[in-house]
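In what follows, a single structure is set out as structure tokens and then discussed.
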Protein chains: 2
Amino acid sequence: MKTRRHRYSASTKGALVDVAEQLFTENGYTATSLDAIVAGADVTKGALYHHFSGKQAIFEAAFERVESRATAGIVEASAGHRDPWEKAQAGLRAFLDAVQEPAYRQIVISDGPSVLGHERFREQEERSTYAIVGEIVRSVLTTGGWDLDEDMLDTFTRIFFGALSAAGGSVAVDEDPAAAAARVEAAIGFIMAGLQQLLEAGVEVPDPA
Amino acid sequence: MKTRRHRYSASTKGALVDVAEQLFTENGYTATSLDAIVAGADVTKGALYHHFSGKQAIFEAAFERVESRATAGIVEASAGHRDPWEKAQAGLRAFLDAVQEPAYRQIVISDGPSVLGHERFREQEERSTYAIVGEIVRSVLTTGGWDLDEDMLDTFTRIFFGALSAAGGSVAVDEDPAAAAARVEAAIGFIMAGLQQLLEAGVEVPDPA
DNA sequence: GAGAGTACGTACCGTCGGTATGTACCCGAA
DNA sequence: TTCGGGTACATACCGACGGTACGTACTCTC
């Protein structure tokens, strides 16, 4: 049941996260004070500490919102493609787009790891963009009958996810983002083509065990 | 000329960086207070602010030290190999080792970007480990007469550097780091083998322009 | 309509980064 | 020899910020 109090509460909380996301994006985590957030949301610190346990908690709320936006964009773009390689191409483009968003770069990539800590950051990551990359990597690498165990699939996913994150970051700061994105697409495409070559040649992934 | 004053000064500064590196590694940047650093070095804040302009400056000193250690390790390991592919293999192993060091993970990977800011972080990076990865990528990719322009080489470098950083981080937190490192080596080796395949087949890198 | 819980507001505290100022010491010039 | 000046710190203090304690108005339920 939605009572008026609940609606007021929800809107206050939402306004706080709105302002927090904006200020965190513009100034970074440490340079954003709680006073500035509550002033922007036209409330006081009492309201903030009623809804969140502290600064880290409201950051995490903004973090999750930004992550879920990025995830939605990639899912939407990669859906509708049946062929795994086409799906990967479309997902790659969407990923490169998402990672250029200022909020994503500042909150998720830059401040995320240090504010949330490694393990918590990893947790958040693994149920959003990382999971999507994992799905795409799985569908691409298992095409053609490769049998990779879960550990090896996860290793490939980490590698590709790291590659895409770094590449996306460089795209975002490039003076010509469109050209940089095109280069990244070409390079990633070339690497994937190499994997396809091996696949067609019947080369096995070496067993590290 | 080295006077006694200069020696005293150098040792005080060195002690401050020693303690700072340790505390930053253990607790992270924000959770490490300047009071704790100066207490650990048995001096006062006056001494710290005489040698450094502030908290960020002493962090950067620790950052540079950790980076140069990592760089030295990789250079040492990859030296002595003539064949680019062998050089890459050796460099990869050394990189995976370096990136597992707690100081490197916390100070360089986790806190580095948010504390120094993107551009400053990038500057520091590009004259240390990134430069080495770039050299190796260049020597590997230009073998056999490929002609890639600088932009494309840099794109490949960013991709591999990001891949290796992420992979190294996952190795560090794995419950069996040795096995995880072996998986990463296998996966990277497989990707490079794919590139070799394309190289032998005479496939051109698509021109994104 | 009265008690209880919610959704805040207000006032305050401890910590921390940074600064201003003082001081002991060393070193080169007169 | 001494004496001015610069170096290498120490001491005292400030303002900002994260967090807490407590008060209060409003609302929902019984």
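Below, read A as the first sequence line, B as the second, and so on, with proteins coming before strands; counting in each chain starts at 1.
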**OP:** Please check if atom CD in Glu76(A) has more than 12 non-hydrogen atoms from other residues, nucleotides or ligands closer than 6.0 Å.
**Re:** no

Subject >> Base-contact (B) and sugar-phosphate-only (S) positions in nucleotides 12-19 of chain C, heavy-atom cut-off under 4.0 Å, - elsewhere >> reply: ----SBBB

Original post:
Taking only side-chain nitrogens and oxygens of Thr12(A), does any of them come within less than 4.0 Å of OP1 or OP2 of dC8(C)?
Top reply: yes

Original post:
How many Å lie between CG on Leu16(A) and P on dG18(D), as a whole number?
Top reply: 14 Å

Original post:
Hey, is the main chain of Tyr29(B) close enough, under 3.5 Å, to the side chain of Asp111(B) for a donor-acceptor pair?
Top reply: yes

**OP:** Please check the phosphate of dC8(C) (OP1 and OP2 only) for any side-chain N or O of His50(A) closer than 4.0 Å.
**Re:** no

Subject >> Cationic N near anionic O, under 4.0 Å, Glu125(B) to Arg158(B) >> reply: yes

Original post:
Taking CG from Leu48(B) and C1' from dT11(D), how many angstroms apart are they, rounded to a whole number?
Top reply: 15 Å

Original post:
Any side-chain N or O of His51(A) under 4.0 Å from OP1/OP2 of dC8(C)?
Top reply: yes

**OP:** Check the distance between dC8(C)'s P and Ile37(A)'s CD1 and give it to me in whole angstrom.
**Re:** 16 Å

Original post:
For Arg105(B) and Val173(B), what are the C-alpha separation, side-chain angles and deciding distance, and is it a side chain to side chain contact (heavy atoms under 4.5 Å, CB included)?
Top reply: CA-CA 10 Å; Arg105(B) 294 192 54 223; Val173(B) 300; 3.2 Å; yes

**OP:** For the pair Glu119(A) and Arg122(A), find out whether any cationic side-chain nitrogen is under 4.0 Å from an anionic carboxylate oxygen.
**Re:** no

Original post:
Glu21(A) versus Phe63(A): any side-chain heavy-atom pair under 4.5 Å?
Top reply: no

